[in-house]
Amino acid sequence: MAVMDFLAAYDAIPEDDAPQRVALLRRSMVAGRAALFAELRAHRPVFSTPVGVFVTRHPDVLEVLSAPETFTVGVFGPTLEDVLGAPFVLARDGADVHWRERGYGQLMLAPEDAPRVRELTARIADTVLDEAIGGGADTFDLVQDYARLAAARVALAYLGLTGIEEERLHSCTRRMQWAFAVNPDRDPEIHAAGVDAGRELHDLVAELVDRRRSGGPAAGPDDVLGRMLRTRLPAEYDFDDERVTANLVGYLTSYQQNATQCTVTALKELAVRPEALVEAERAAAEGPARCDAYVWEALRFHPFVPITPRLCLRDRVVAAGTPRQTVIPAKSVVLACFASAMFDEEVLDAPAEFRPGRPPAHNLVLGYGAHECLGRYAARVIVPELVRRVLLRPGVRPLPGAERALDYAGTPFPQHYAVRSGRVAVPTA
Ligand code: HEM
């Protein structure tokens, strides 16, 4: 079936045969999500299905994510809190935890850290790449041997959690993310594995927090944990070291798989466009400024979070006053489709073209609205620098003909991506 026929095929299935309709939807998502979204944007921009209401146009996605009092994170919030074992900013809306701890996170994950985090990332990335290449094989695995390790080492150094093994951080956050973000059928085994992993990571972080606390009031270097330990909030906030731990575990969980996958998918999106790759290599050699734009444009084509779900608490009109105006009934799951909004031809000029330097408002890779990425200042330097360090090594590239060959190995996230390990001198930009 051509994907353009999706709506005809969907409508041909009787409305009461929800399993068939859902199966077709899932198949079409896998077979050709971009074409499916294009068809929805054109013909059914607010599309109600048994798994939720797909919101596919750019302004409508922004509208949903700007109204957290109506469209809440209630779809995954309770599961996320099960997994974290504590309240967390991404699991709540409203006046208490979300408002307060988002403010706290903004102070702790400070924008002024960015230059230091950029340098840290460059240094760590080069070391990990040297290790991967030094293995002596003609190829290495960009996910396992580079992105996963480099992302973990950067997070641990930046947050102040050095001492936790990279492998454990990666494996815990993978099971946690799988349980709260990609377990549509609520498989109890996946859920239980996520809860166990959450406990494991919590205990590792709590021990480090304790150790740093007992080293003295201003203990430790100038990292995020040091800043947290020096911060005194009024007693009425009841913000003890358990909250410090919960926030750090939440940050690690929000970061590790994202950073790993973005590094790999950005490189893949460049590699499948040879001209863009050559330009990105040139930009990389000049420094970060121009190169970063190539990475964010690449991620528009393969974002880590393509869809974010929200729970609609009360009947609400979306896209009021337009031909697509739709009432979303209370209790609906609303699927805000970032991956579609970033290709909205009524907002973006020639969205299918690869054009670095598009207006930042068109790029929703770090989310939008009340829950927009709290770690965005760090993410904005870590992800592009992890990619740039690879671009600076012309010998390290996906295997010719296998540029699209991400291997998910039965999980929701890419686990393997083979690259050549050509031994070419490292430029020092
Ligand atoms: C590395 C690449 C990253 C990507 C692609 C990314 C992406 C995102 C996205 C799409 C959201 C919105 C989720 C939603 O609306 O459902 C989000 C939220 C969040 N991110 Fe990131 N993120 C990254 C890095 C980080 C880092 C470095 C941190 C912290 C150290 C972090 C912490 C958070 C937190 C706490 C939230 C929830 C904010 C809230 O609920 O108010 N992220 N991120």
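Both counts, for ligands and for their atoms, begin at 1 and track the order of listing. Quick note: residue numbers are just sequence positions, from 1. Remember, predicted model here, so these are calculated numbers, not experimental data.
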Let me see the working for Y104 and Y237 under ring-ring contact (aromatic ring centres under 6.0 Å, His included), right down to the final yes or no. CA-CA 11 Å; Y104 174 79; Y237 287 156; 9.8 Å; no
Identify the closest protein heavy atom to [atom]: which residue and atom is it, and at what distance?
atom                    : answer
atom 15 (O) of ligand 1 : R310 NH2, 2.8 Å
atom 27 (C) of ligand 1 : Y255 CD1, 3.1 Å
atom 32 (C) of ligand 1 : S254 CB, 3.4 Å
atom 36 (C) of ligand 1 : L374 N, 3.9 Å
atom 41 (O) of ligand 1 : R102 NH1, 2.5 Å
atom 16 (O) of ligand 1 : T308 OG1, 2.6 Å
atom 8 (C) of ligand 1  : C373 CB, 3.8 Å

Location of contacts on [X] toward ligand 1, heavy atoms closer than 4.0 Å:
X    : value
H371 : both
L366 : both
F88  : side chain

At what distance, to the nearest 0.5 angstrom, does CD of E81 lie from CZ of F76? 10.5 Å
Would one find more than 12 heavy atoms of other residues, nucleotides or ligands at under 6.0 Å from atom CD of Q106? yes
Does E189, at its CD atom, have more than 12 non-hydrogen atoms belonging to other residues, nucleotides or ligands within less than 6.0 Å? no
Enumerated ligand 1 atoms positioned under 4.0 Å from heavy atoms of [X]:
X    : answer
L90  : 37 (C), 40 (O)
G367 : 10 (C)
V305 : 10 (C)

Residue selection (non-hydrogen contact nearest [atom]) among [options]:
atom                    : options                : answer
atom 24 (C) of ligand 1 : A379, A378, A370, A151 : A379
atom 29 (C) of ligand 1 : G375, A259, P68, C262  : G375
atom 3 (C) of ligand 1  : V89, V224, N258        : N258
atom 2 (C) of ligand 1  : I382, V383, T253, T263 : V383

Would [X] and [Y] count as a cation-pi pair here, with the cationic atom under 6.0 angstrom from the ring centre and within 45° of the axis?
X    : Y    : value
R148 : F413 : no
R273 : F301 : yes
R380 : Y377 : yes

Between the main-chain N or O of M108 and the side-chain N or O of R227, is there a donor-acceptor pair closer than 3.5 Å? yes
Among D60, V64, V334, find the residue that satisfies the side-chain contact (heavy atoms from CB on, under 4.5 Å) test when tested with V46. D60
Checking side-chain contact (heavy atoms from CB on, under 4.5 Å) between V249 and each of V83, V244, L84, which is the one that passes? L84
Does one side chain, of E279 or Y294, offer a donor that lies under 3.5 Å from an acceptor on the other? yes
Taking the basic N atoms (NZ, or NE/NH1/NH2) and the acidic carboxylate oxygens, is any pair closer than 4.0 Å for E119 and R116? no
So is E372 polar-close to ligand 1, meaning N/O to N/O under 3.5 Å? no
Heteroatom distance test (H98, ligand 1): nitrogen or oxygen, under 3.5 angstrom: yes
